[in-house]
Amino acid sequence: KAGVTQTPRYLIKTRGQQVTLSCSPISGHRSVSWYQQTPGQGLQFLFEYFSETQRNKGNFPGRFSGRQFSNSRSEMNVSTLELGDSALYLCASSLQTGGYNEQFFGPGTRLTVL
Amino acid sequence: AQSVTQLDSHVSVSEGTPVLLRCNYSSSYSPSLFWYVQHPNKGLQLLLKYTSAATLVKGINGFEAEFKKSETSFHLTKPSAHMSDAAEYFCVVSDVGGNNNDMRFGAGTRLTVKP
């Protein structure tokens, strides 16, 4: 089975721009979660989608949004980019929603905001 | 709300010696606990998980962890370190019974293995 894939792997943007990141979960997985990883804040939960519905949301501003399609693929959008948005964005998929489910992580998208 | 504390930001061991990475947690409900490993420029890989079954959990690559409710700890151990174990390790807690199913990650412990 193919693992979780994320595109693009690297991205450079300037302040004020917007960006869309894509995540394809493992086949059959219906839950997709997004995380932001920075040296200062560590790994922080952004949101989780399950069956095209946002199930949970972390403590991030409204500039961060996402969606999930009927094939479980997910996109994350960040509008009006700030320097502090520079981070590794990780996507993880699992069979079901729920904290006891193992999550499978993709390699991440490294976003640099100049 | 749940939270997790990894007591050491950096651990250094010699190859062939035991590894101990410490993790304490707090949880309002029955927790699920995980250890993930992240090698440089890679995503996270699950080492092991505890979900209210046996308190001693065995994972991949010779790692194991023991859930101690009285101490609210979930320390990760390995009898003999290998050079390939050098990586960042994350302890994770999730409240199974709560409404919010997001996972809380510890700050990470960087493991260095000296030859």
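So that the names make sense, note that chain A is the first sequence line, chain B the second, and so on, each numbered from 1.
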So which part of B:Lys42 gets closer than 4.5 Å to some heavy atom of chain A, the side chain, the backbone, both or neither?
backbone
Per-residue contact mode, B:Gln45 against chain A (heavy atom under 4.5 angstrom):
neither
Going hydrophobic residue to hydrophobic residue with side-chain gaps under 4.5 angstrom, can you get from B:Leu33 over to B:Leu7?
no
Residue pairs fulfilling side chain to side chain donor-acceptor pair (under 3.5 Å) with at least one residue in residues 5-14 of chain B, sequence neighbours excluded
B:Gln6-B:Thr109, B:Asp8-B:Arg22, B:His10-B:Thr112
Over 12 foreign heavy atoms within 6.0 Å of CG, A:Asn59
no
How many angstroms lie between CZ in B:Phe105 and CD in A:Gln41, if you round to the nearest 0.5 Å?
15.0 Å
Verify the cluster assignment for A:Tyr49 and A:Phe45: are they in a single hydrophobic cluster under the rule of side-chain heavy atoms below 4.5 Å apart?
no
Linking I/L/V/M/F/W/Y whenever their side-chain heavy atoms sit closer than 4.5 Å, directly or via other members, would A:Phe50 and A:Leu95 fall into one cluster?
no
Which value, rounded to the nearest 0.5 Å, describes the distance between A:Gln44 atom CD and B:Arg104 atom CZ?
9.0 Å
Can you give me the closest heavy-atom contact between A:Gln37 and B:Phe90, atom names plus distance?
NE2-CZ, 3.5 Å
Contact part of A:Gln6 toward chain B, heavy-atom cut-off under 4.5 Å: side chain, backbone, both or neither?
neither
Can you tell me which residue pairs pass the ring-ring contact (aromatic ring centres under 6.0 Å, His included) test with a partner in residues 45-66 of chain B, sequence neighbours excluded?
B:Tyr50-B:Phe67, B:Phe63-B:Tyr89
Answer whether the closest heavy-atom distance between the side chains of B:Leu44 and A:Leu43 falls below 4.5 Å.
yes
